[in-house]
J.: 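I'd like to ask you about the structure that follows.
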Amino acid sequence: MYSDKVMDHFENPRNVGEIENASGIGTVGNAKCGDIMRIYLDIDDDGIIRDCKFKTFGCGAAVATSSMATELVKGKSIEEAMKVTNKAVMEALDGLPPVKVHCSLLAEEAIHAALWDYAQKKGIHIEGLVQPKSDIHEEESGEEY
Amino acid sequence: MYSDKVMDHFENPRNVGEIENASGIGTVGNAKCGDIMRIYLDIDDDGIIRDCKFKTFGCGAAVATSSMATELVKGKSIEEAMKVTNKAVMEALDGLPPVKVHCSLLAEEAIHAALWDYAQKKGIHIEGLVQPKSDIHEEESGEEY
Amino acid sequence: MGEFIYLDNAATTKTAPEAVEAMLPYFTDFYGNPSSIYSLGASARKAVAETREQIASTLGAKSSEIYFTGGGSESDNWALVATAEAYAGKGKHMITSAIEHHAILHTCQYLEQRGYEVTYIDVDENGILKLDELEAAIRPDTILISVMFANNEIGTIQPIREIGALARKHNVLFHTDAVQAYAHLPIRVDEMNIDMLSASGHKFHGPKGTGFLYIRTGVKIRSFLHGGQQERGRRAGTENVPGIIGLGRAAQLAFSHMEERSRKEEELRDYLMERIGKEIPYCRLNGDARRRLSNNVNFSFRFIEGESLLISLDRKGICASSGSACTSGSLDPSHVLLAIGLPHEIAHGSLRLTVSWENTMEEMDRTVEAVKEIVERLRNMSPLYEDFIKSEEGGKKRGKNYV
Amino acid sequence: MGEFIYLDNAATTKTAPEAVEAMLPYFTDFYGNPSSIYSLGASARKAVAETREQIASTLGAKSSEIYFTGGGSESDNWALVATAEAYAGKGKHMITSAIEHHAILHTCQYLEQRGYEVTYIDVDENGILKLDELEAAIRPDTILISVMFANNEIGTIQPIREIGALARKHNVLFHTDAVQAYAHLPIRVDEMNIDMLSASGHKFHGPKGTGFLYIRTGVKIRSFLHGGQQERGRRAGTENVPGIIGLGRAAQLAFSHMEERSRKEEELRDYLMERIGKEIPYCRLNGDARRRLSNNVNFSFRFIEGESLLISLDRKGICASSGSACTSGSLDPSHVLLAIGLPHEIAHGSLRLTVSWENTMEEMDRTVEAVKEIVERLRNMSPLYEDFIKSEEGGKKRGKNYV
Ligand SMILES: Cc1ncc(COP(=O)(O)O)c(C=O)c1O
Ligand SMILES: Cc1ncc(COP(=O)(O)O)c(C=O)c1O
């Protein structure tokens, strides 16, 4: 079902974790749909992404695309990071099954959401970036259990 | 499907053949339905069935019931022969599959038809005997082939 | 069962030992559900996918157009019922032939009860569909033409290419019940304009309870078996993995040896036809002499009845049939033999011998001798024959040139 | 495949070697069509008749009430569609449960499109049907109640006897999808007032692509597969003789060892439930703790998603599933888990482990260790868990007593 690359990134995900005092944090997805991704960015004064970490609730493809997305943006400038599309993530993973393409879209969105957060904090404008849909966390109903 | 008795009477039918100048001949059945039985009776002056022969076009059960019916009436008086019912034929054959019960009825009818023929020729009345349905021979359409 | 001579290959075939061999690991080793996520299921999934690919290639189809089923009857029911439902908006009229298998005819009757209308096209005396009647029957509300590729009783092969062309010309879907033809004859769905095609595994030395339906991309088709998402959501039920693998292996063998098997079967068939036709009087070959399945021999013997012929053959170890196997036990003579114009009493006396490439010439000789002996014995017991002979002797000279 | 731990026996089982052994002669020796007249067919016919008798006796039914099919889905489709058609004169309303298998639910949807009305009765938080709602739903035009014997996902066993009694009281037919229960639990159709019952061979170590439908004498039932006269004219298609024999042998084994197998499975099940429940925080056992199939374990693990759990288990050689196998690959969480009241994101994180008597305690230990390790790993990767822990640290103390 999954390529070897996907399996590798699922089993040995790169950059799992949090960044304290991150420059930007973005959370996208919806627990109801079974996918939530959160990206932490550490961006230096030159606008270079020094570090990038993620946390993901989701399927194998969700984990692997998150991992690959962090790898692809790390060390890049904001402008370069903006060019990391879902297609780029998929290609880097040697493809995804059709039903899993949305995971790569989610990874792209998560990067954008973290950049948006950074731009908001800094009060800057990033070319081509639009406001992400509001983050959706675990639903409150979860507390019943 | 068939009992051993049926198979025996099918494979080694008793009394196959014709009787020249028979006292009575009865043919019943319908080629369209796949069964025709013809019974020849040789009845002596005391009303005893001296000989009985048959010819049958039909399935295994049709052949076996014809054969058994001739065995059962042979040597009997007309009155006794009238008591050879289809049930008696079936029992003597250790039973028939449900779809084949009609064959035993046909055998009973064939005996009756032959007796009717005898009674007609002799101008006598046989207690309990009714006129058989008219004999149905090979249909004329058969000639096309 | 070495003492048997098996001549009922149109009813069912011996499963090829290679097919059984291929199935075995999927019972006890790779038994995982192909729809599952783990590797044990993946081996089954892969094997099924490869078989689908292979089956598709035998028809010149795409693998996404092959749906595995539980047999020929299910494929036929599916094709008709689901097409009727999916295209009810266009119309409720269907066309089929008078000599289809009951899996088609009884499904048509079922649809008639549900408000559909079905036209049954006649065949000629050799069982070939009357194309002009077919074309004349097409109406604006006709949604499907279903005509069998080859008949199971008399072996007649239909002009499928021409029927497909007519269907295409009038923009009507075309389904063919190829249960007797698939893996016996070359079939190309594109060249023949076939939109749907039914096949059954056990008719070509695959396992019983397996089959497939080919459905051309673009045909609106609903599910027939509703439930899980198997077969891309079209046919519910846990995949019969061993069965599918066995069907695939049998098809592979059949296609790679098709020419030599056909040649062998034709030789056996022609020998039977020739000897029986010559050596037994008052018989008639049913079905087209040339456009005929390579394995099919069907004769009517006048004055005798089929069942007693079959039982007698069985006592000599010869397995044959009279009419289609499904209706044996019924008292009605075959609708196919009646449709080609045989009178009832002649239709009753018919014998179908269907060979396989595994039969031998020696078996054919034994069979001819047995048939001759039995037909003679039964005729001597037959009041119809008695009447006939007496009328002959009486100089009426009727029926002499029976064949 | 000795390196695997197979814990997906509710999806499909390994075919018993004894069943395969029993099937083999019917592929290549006694391959004759059971409907044929010759002795080769008679051996097949006899074997099928004996199996029918044997299966009937396991239910306290008559052999004429057992109809062999191509699997559980076909049995379910048949029961519903044919009853709907046969009893349309009485009414067009049916009742089922919200947690049926898709073979029932999707067939109901199909019937809804055809003008029938279906009421879906709720279950409680353990998956047990609400009997009062069921009784309240019965109307004068209700023709069928169909409730599964035991659920395939959460293992809950329904109060079948009570449902049967209600159906009888209101003179409504009662069908039960016993695919997960047959040959696992004792079932008596008379005592339980069951009018129709579906079973599937591959759920009890029989072959895939086999099953049966029990239909009580007197129930008006139409064919679902139209065609030949097989199964007393009720189910067309050449009988899958090897499949029927394999199903019969597997049932025989299951029934003669039912008690010891159940005991063994319960031991394995209870051990898994106990250890997982105790050793993994924030988990929830789904399904009724007592009225439960002996082979079923189903947990939801908060903060993680099922597919990644399954893949990780697979990498450790453990075959398990999440929701029903048929819908894996779909993104919707299981309708069963939602019906028992789980919120979507909890339902996403569920794991079904279904044991067989062939599993070992040592395998259970390895499984628990693997699940623990993986759940921890995935939670450490989960933003939901991160938020939860932070809110805990923030003193909000929510969700602590999750189980
Ligand atoms: C409760 C239930 N009903 C029906 C089915 C369908 O059975 P099959 O896959 O044999 O068609 C299954 C299994 O998938 C099941 O668990
Ligand atoms: C032409 C034709 N169609 C359909 C069928 C039905 O196939 P099956 O018995 O595999 O369901 C048969 C065989 O019985 C057949 O000969």
Side-chain angles (χ1 to χ4, degrees), chain C residues 1 4 6 8 11-15 17 20 24 27-29 31-33 35-40 70-74 76-77 101-103 106-107 110 202 207-210 225-230 236-243 307 310-311 313-314 319-321 325-330, chain D residues 1 4 6 8 11-15 17 20 24 27-33 35-40 70-74 76-77 101-103 106-107 110 202 207-210 225-230 236-243 307 310-311 314 319-321 325-330:
Chain C
M1 314 295 286
F4 282 97
Y6 187 71
D8 203 14
T12 193
T13 56
K14 180 169 112 180
T15 310
V20 178
L24 289 179
F27 285 116
T28 46
D29 293 337
Y31 54 86
N33 190 319
S35 303
S36 63
I37 220 163
Y38 39 78
S39 337
L40 184 61
S73 297
E74 186 192 321
D76 282 344
N77 275 257
H101 189 268
H102 284 135
H106 288 167
T107 305
Y110 164 75
H202 71 100
K208 293 176 173 64
T210 68
L225 283 184
H226 308 277
Q229 293 302 304
Q230 293 91 350
T238 303
E239 297 87 340
N240 178 359
V241 181
E307 196 215 78
L310 291 190
I311 303 179
L313 280 169
D314 179 42
C319 305
S321 89
C326 306
T327 49
S328 75
S330 106
Chain D
M1 315 293 287
F4 282 98
Y6 187 72
D8 204 14
T12 193
T13 56
K14 180 169 112 180
T15 310
V20 178
L24 289 179
F27 285 116
T28 45
D29 293 336
F30 310 108
Y31 54 85
N33 191 321
S35 304
S36 63
I37 219 163
Y38 38 78
S39 339
L40 184 62
S73 298
E74 186 193 321
D76 283 344
N77 275 256
H101 189 269
H102 283 135
H106 288 166
T107 306
Y110 163 76
H202 71 101
K208 293 175 173 66
T210 67
L225 283 184
H226 309 276
Q229 291 303 305
Q230 294 91 350
T238 302
E239 296 88 341
N240 177 359
V241 181
E307 194 215 78
L310 291 189
I311 303 178
D314 180 40
C319 304
S321 88
C326 307
T327 49
S328 74
S330 105

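Below, chains carry the letters A, B, ... as their sequence lines are ordered, and counting in each starts from 1.
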J.: Highest number of heavy-atom pairs under 4.5 Å with chain D: which of C/Leu313, C/Leu310, C/Asp76?
T.: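 Heavy-atom pairs under 4.5 Å are most numerous for C/Leu310.
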J.: Between D/Lys14, D/Glu307, D/Glu74, D/His106, which shows the greatest number of heavy-atom pairs under 4.5 Å with chain C?
T.: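 Among D/Lys14, D/Glu307, D/Glu74, D/His106, the one with the most close pairs to chain C is D/Lys14.
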J.: Do you know which of D/Pro207, D/Ala320, D/Gly32 has the most heavy-atom pairs with chain C at a distance under 4.5 angstrom?
T.: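 Maximum pair count with chain C is reached by D/Ala320.
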J.: Does the gap between the ring centers of D/Tyr6 and C/Tyr31 come in under 6.0 Å?
T.: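 So the answer is yes for these two rings.
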J.: With chain C as the partner, which of D/Ala236, D/Gly71, D/Gly72, D/Gly70 has the greatest number of non-hydrogen pairs under 4.5 Å?
T.: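 Counting heavy-atom pairs under 4.5 Å, the top option is D/Ala236.
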J.: So do C/Glu239 and D/His202 actually touch side chain to side chain, heavy atoms under 4.5 Å?
T.: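 When only atoms from C-beta onward are counted, C/Glu239 and D/His202 do not touch, as no gap falls below 4.5 Å.
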J.: Give a yes or no answer on whether the side chain of D/Asn77 reaches the backbone of C/Leu225 with a donor-acceptor pair at less than 3.5 Å.
T.: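 A pair under 3.5 Å: no.
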J.: In terms of heavy-atom proximity below 4.5 Å to chain C, should D/Asn240 be classed as side chain, backbone, both, or neither?
T.: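 Looking at D/Asn240, backbone and side chain both touch chain C.
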J.: Rounded to the nearest 0.5 Å, what separation is found between the NE2 atom of D/His226 and the OG atom of C/Ser73?
T.: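 Reported to 0.5 Å precision, the distance equals 11.0 Å.
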J.: Check for a donor-acceptor pair, side chain of D/His102 on one end and backbone N or O of C/Gly227 on the other, with a separation under 3.5 Å.
T.: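 Not confirmed, D/His102 side chain does not pair with C/Gly227 backbone.
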J.: Roughly how far, to the nearest 0.5 Å, is CG of C/Asp314 from OH of D/Tyr38?
T.: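 If I round to the nearest 0.5 Å, the distance is 9.0 Å.
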J.: To the nearest 0.5 Å, what is the distance between OG on D/Ser36 and CG on C/Asp8?
T.: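 Output value for this atom pair is 6.5 Å.
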J.: Output the option from D/Leu24, D/Thr13, D/Ile311 having the highest count of non-hydrogen pairs under 4.5 Å with chain C.
T.: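 Highest number of heavy-atom pairs under 4.5 Å: D/Thr13.
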J.: Specify the closest pair of heavy atoms between C/Thr12 and D/Asn33, including all atoms of both residues, with the distance to one decimal.
T.: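 Of all heavy-atom pairs spanning C/Thr12 and D/Asn33, the closest is CG2-N, 3.6 Å.
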J.: Between D/Ala103, D/Gly237, D/Gly243, D/Gly209, which has the largest tally of heavy atom pairs under 4.5 Å with chain C?
T.: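 Most heavy-atom pairs under 4.5 Å with chain C: D/Ala103.
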J.: Compare every heavy atom of C/Ala11 with every heavy atom of D/Thr238, then report the nearest pair and how far apart it is.
T.: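 Closest heavy-atom pair between D/Thr238 and C/Ala11: OG1-O, 4.4 Å.
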